[in-house]
Amino acid sequence: KLVASLMQGSMLGWHFGNPIISVSGMFFLFACLSGGAGILLAVFVRAPPPAPASMLKASCAPPAFRLWHRPELWCLGLVNFTFGFCA
């Protein structure tokens, strides 16, 4: 949004010049950048190797239960819940 505003010659309601690029040109530029990022992601990012059979889901639960007494976890959880509710 910041780059789009600057390319249109304004920032936070202040107009300081003429637009550098048209709105349709800006849309095309951002669409090409997004498509290029998607193509790079598809080409260079590989799926992680499968987890070994010894790593069961049940073995991950005890470490998670040990974190429940920490107040940082509860505060972070409430912040995440509030943000999700407001968004």
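FYI, side chains are in, hydrogens and waters are out, and symmetry mates aren't considered; it's all heavy atoms of this structure.
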Would Leu73 end up clustered with Leu76 when hydrophobic side chains under 4.5 Å apart are linked, directly or stepwise?
no

Hey, does the side chain of Ser34 reach the backbone of Phe30 with a donor-acceptor pair shorter than 3.5 angstrom?
no

Does Trp74 reach the main-chain N or O of Trp68 with its side chain, forming a donor-acceptor pair under 3.5 Å?
yes

If you draw a 6.0 Å radius around CG in Asn80, do more than 12 non-hydrogen atoms from other residues or ligands fall strictly inside?
yes

When clusters are formed by joining ILVMFWY residues with side-chain heavy atoms under 4.5 Å apart, either directly or through shared neighbours, do Leu33 and Met26 land in the same one?
yes

Check whether Val3 and Phe27 end up in the same hydrophobic cluster, where Ile, Leu, Val, Met, Phe, Trp and Tyr are linked by side-chain heavy atoms less than 4.5 Å apart.
no

Separation between CG of Leu29 and OG of Ser24, rounded to the nearest 0.5 Å
11.5 Å

